[in-house]
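Just below is one structure, and these are the notes that go with it.
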There are 2 protein chains.
Amino acid sequence: MSSNHTHNKKNQTLTKNQRIVLNLLQDSGEPLKAYFILDSLKKEGLNSPLQVYRALDKLVELGKIHKVESLNSFIICNNSNCASNTAFTICERCGKVKEIKNNNLTEGVNELVRENKLNITRYNLEFYVVCKTCKIN
Amino acid sequence: MSSNHTHNKKNQTLTKNQRIVLNLLQDSGEPLKAYFILDSLKKEGLNSPLQVYRALDKLVELGKIHKVESLNSFIICNNSNCASNTAFTICERCGKVKEIKNNNLTEGVNELVRENKLNITRYNLEFYVVCKTCKIN
DNA sequence: ATTACATACGTAATATTATAACAATATAAA
DNA sequence: TTTATATTGTTATAATATTACGTATGTAAT
């Protein structure tokens, strides 16, 4: 896997637990569940759910990962510009999740949010789709 | 509370469990958690979580209620036109949730979705805000 | 260097949210 | 009325997440 990813410079300030959780999510690229992360990192010294949840909380706070709310899962942030706004597509058939950002849809949403009278501080958008692969089959 | 709400006509085809769960959500207007619903309806004869979850699943399927994913809660649908698309504001301070629909923001989102190349079948949007009441204080 | 403070750690216990498996019954359709 | 579908009730268990406690570590100010 790439050792040249966006967040590497900041990773050095992370603690060991935070780092190994982040690395796992980076290498996976898919949304992972907390207890899957725990099982995967037992050999690295993680013993308890709380160790995982604490690392995940911190990484979310830092904008390095996002929680996919409707899946109770966590996914690496694939954007250099890590805000707290999130937008995902979730394939209804295969479950595949992609972060969408910096495209027309999210730009449009951002514009709507700016124009809007509500005091929107951040958002989480989950778009259910049928992905290309599933559409063919 | 109103006994003249949008969905009453269809309610007659609901089973007893589905009906009492729906009524509770209607009367509340707030997002409620499954186990809170269970506790509240013990006196009505609900004994097990599964009875609640089954009723909730069905009501979601019928579009009569929505799940607020990031709160693990369920809220009555306040729209006559109950699609599977959902959009909520959630106050970051007090936790108050409102369904938003048929306003500029959701119309804009709908237009973006129509224009978009992704095969979006439905969406769930959660906008975090500071509500009017909280902003004053 | 020492105090004070914030952050993170490890561990155990527990709380919260959700589903599996099974047998029985009701409802609707053919 | 036979067949198919949906729903029920119950028990048990799985999956997700937090509380509580005591300790350690890093950082900044005195």
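Throughout, protein chains are lettered first and strands after them, A, B, ... in sequence-line order, and every chain is numbered starting at 1.
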side-chain contact (heavy atoms from CB on, under 4.5 Å) partners of A/T86, counting only residues at least two apart: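 If we apply the side-chain contact (heavy atoms from CB on, under 4.5 Å) test to A/T86, skipping adjacent residues, the hits are A/H66, A/F88, A/N124.
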Contacts of A/K135 that satisfy side-chain contact (heavy atoms from CB on, under 4.5 Å) - sequence neighbours left out: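 With neighbours one apart ignored, the set is A/V130, B/N119.
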Heavy-atom neighbours of A/N104 CG exceed 12 at 6.0 Å: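 Check fails, neighbour count at 12 or below.
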Flag side-chain contact, heavy atom, 4.5 Å: B/L125 against A/Y123: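 Side-chain contact under 4.5 Å: no.
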Could you list all the salt bridge (Lys or Arg N to Asp or Glu O under 4.0 Å) pairs where at least one residue sits in residues 86-97 of chain B, not counting sequence neighbours?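 Of all non-adjacent pairs touching residues 86-97 of chain B, those that pass salt bridge (Lys or Arg N to Asp or Glu O under 4.0 Å) are A/R122-B/E92.
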Can you list every pair that meets salt bridge (Lys or Arg N to Asp or Glu O under 4.0 Å) and has a residue in residues 33-55 of chain A, with sequence neighbours left out?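 Only A/D39-A/K42 qualify under salt bridge (Lys or Arg N to Asp or Glu O under 4.0 Å).
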Interatomic spacing from CG in B/L24 to CG in B/L41 - rounded to 0.5 Å: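 If we round to the nearest 0.5 Å, B/L24:CG and B/L41:CG are 5.0 Å apart.
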Angle, rounded to 10°, between the helical axes spanning five pairs at each terminus of the helix from C/dA1-D/dT30 to C/dA30-D/dT1?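 Overall, the helix from C/dA1-D/dT30 to C/dA30-D/dT1 bends by 40° from one end axis to the other.
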Interface residues of residues 29-42 of chain B with DNA chain D (non-hydrogen, below 4.0 angstrom):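 Those residues whose heavy atoms fall under 4.0 Å from DNA chain D, taken from residues 29-42 of chain B, amount to none.
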Side chains of B/S84 and A/Y128, donor plus acceptor under 3.5 Å: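 Judged by distance alone, the side chains do not pair up.
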Start and end of the DNA chain C segment that chain B contacts, any atom under 4.0 Å from a heavy atom: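 Answer, 5' to 3': C/dT17 to C/dA21.
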Checking [X] now: which residues fulfil salt bridge (Lys or Arg N to Asp or Glu O under 4.0 Å) with it, not counting sequence neighbours?
X      : result
A/K67  : none
A/E61  : A/K58
B/E111 : none
B/K98  : none

Once base and sugar-phosphate atoms are separated, protein heavy atoms under 4.0 Å mark nucleotides 5-12 of chain D, 5' to 3', with B, S and - as --SBBBB-
